[in-house]
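Encoded as structure tokens, the structure appears first; notes follow it.
Chain A is the first sequence line, chain B the second, and so forth, proteins listed ahead of strands; every chain is numbered from 1.
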There are 2 protein chains.
Amino acid sequence: MSLPHAILTALLEKPSSGLELTRRFDRSIGYFWSATHQQIYRELGKLEQAGLIRALPAPAVPVRGQRKEYEVLPAGRDELAEWTRRAEDPKPIRSALLLRLRAAAVVGTEGMADELNRHLRLHREQLDDYLGMERRQFPPERDSEADRLRHLVLRGGIELERFWVAWLTEALAGLDDRTGAG
Amino acid sequence: MSLPHAILTALLEKPSSGLELTRRFDRSIGYFWSATHQQIYRELGKLEQAGLIRALPAPAVPVRGQRKEYEVLPAGRDELAEWTRRAEDPKPIRSALLLRLRAAAVVGTEGMADELNRHLRLHREQLDDYLGMERRQFPPERDSEADRLRHLVLRGGIELERFWVAWLTEALAGLDDRTGAG
DNA sequence: GATATCATGTAAGGTGTTACATGATTAG
DNA sequence: CTAATCATGTAACACCTTACATGATATC
């Protein structure tokens, strides 16, 4: 049950329309919780019905295709605050790549080096992207409490990408030992 | 579409019943792909219907509650081998904890230190668990190709837990600076 | 024969993904 | 008035989670 809370957080940071939210999920929020516009519109409908958010200007007759901006109601803020205080265990990780390497231990590693190299490139790009965000969004002079927390979250994303780069590099070295490929 | 391939891999490593698979998913396979028994039974049914696996002794009339062991058919092995060669992009990570910290930047950090400490404890336990598995399953003398690949996968799990321990430690230090709690 | 455990399964609902549909607005 | 783009939405399906149901087997 995290998507509604991700949306509440985003709307508290700045009231937005569904499409704007989608774009923000593709950027800053997306580095720890991704969502498509279909999920977001569905969830906005639920949150509105539950009385946690409301559409802003509200034209008399709702028209499809017309921009609709949402803001969080007090009940929504309360729900979000309560959620941050609830105990919730970490979910076990799911990595298709680790799974595929384990499968390769049984059926052979043919083609794995190319795929590992491709993932290595993608993770390096993601890491560069995050480092750019860090430079732009968190210069040394910005150091409010909220900034420090958001920076901490971004550093989580950065360190996770560094983990993948390091692990993939090691994995490729291991494959090279056997196959000479790479 | 990874669960069926996780099951094929597990069954190739050792033919098993649904319950045995569930237990193996709770242990070794679970550290990168978790699944409940409901998912596993459903998927076993699909894989059998698709002709990728078969039930072993096959009593004339199938009886509910009676143990049923499965093995992988050649078509199943082919499908798994093909899957390891397919290109598949990494999925964006999803961390409810990072999300909650970002929410806390908006609605306040009350109660977060306790929760971060709890997660730190859980990740330390998981890390110890993996390190124990590493000692038992991968002593220096075992160094076949398959062993090296499985060891590499386990090191992925280990390094991920180390990442969380390090990040949570940093996060708690950051919270302490402000609140004096912890 | 009562209880616990092993083992397989069903049902319902929530969440995520993919493909498609529809209207509004802007630029040429 | 055509095309591109902005913006909101539906539908169908796959996948995951939780709760529950049922029979088989072992132990007392």
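Across all non-hydrogen atoms, the minimal contact from B/E159 to A/F163 is CB-CE1, 3.3 Å.
Side-chain polar atoms of B/E79 and B/H5 form a donor-acceptor pair below 3.5 angstrom.
Nucleotide C/dG9 holds its C1' atom 14 Å from the CD atom of B/E48, rounded to whole Å. D/dC6 atom P lies 12 Å from atom CD of A/E20, rounded to whole Å. Distance B/Q39 CD to C/dT8 C1': 16 Å, rounded to the nearest Å. Nucleotide C/dG16 holds its P atom 18 Å from the OH atom of A/Y41, rounded to whole Å. The nearest whole Å value for the distance from the CG atom in B/L3 to the P atom in C/dG16 is 17 Å. Distance A/L56 CG to D/dA7 C1': 16 Å, rounded to the nearest Å. For B/R42 and D/dA14, the CZ to P distance is 11 Å, given to the nearest whole Å. For the pair B/R23 CZ and C/dT8 P, the computed distance is 9 Å after rounding to whole Å.
Mapped onto DNA chain C by nearest heavy atom, A/K46 and B/H37 fall at different nucleotides, with B/H37 at the one closer to the 5' end. Across the interface with DNA chain C, nearest-nucleotide mapping of A/E43 and A/Q38 shows A/E43 to be the residue nearer the 5′ end.
Between B/R24 and B/E13 the shortest side-chain heavy-atom distance falls below 4.5 Å.
The side chain of B/S17 lies closest to C/dT8 when the candidates are C/dT17, C/dT8, D/dG9. Here the side chain of A/K68 is nearest to one of D/dG9, C/dT17, D/dT25, namely D/dG9.
Judged by distance alone, with hydrogens and angles left aside, A/R67 brings no side-chain donor or acceptor close enough to the base of D/dT5 to form a pair under 3.5 Å.
Taking the centre and axis of the six-membered ring of B/W83, the NZ or CZ atom of A/R100 falls inside the cone set by 45° and 6.0 Å.
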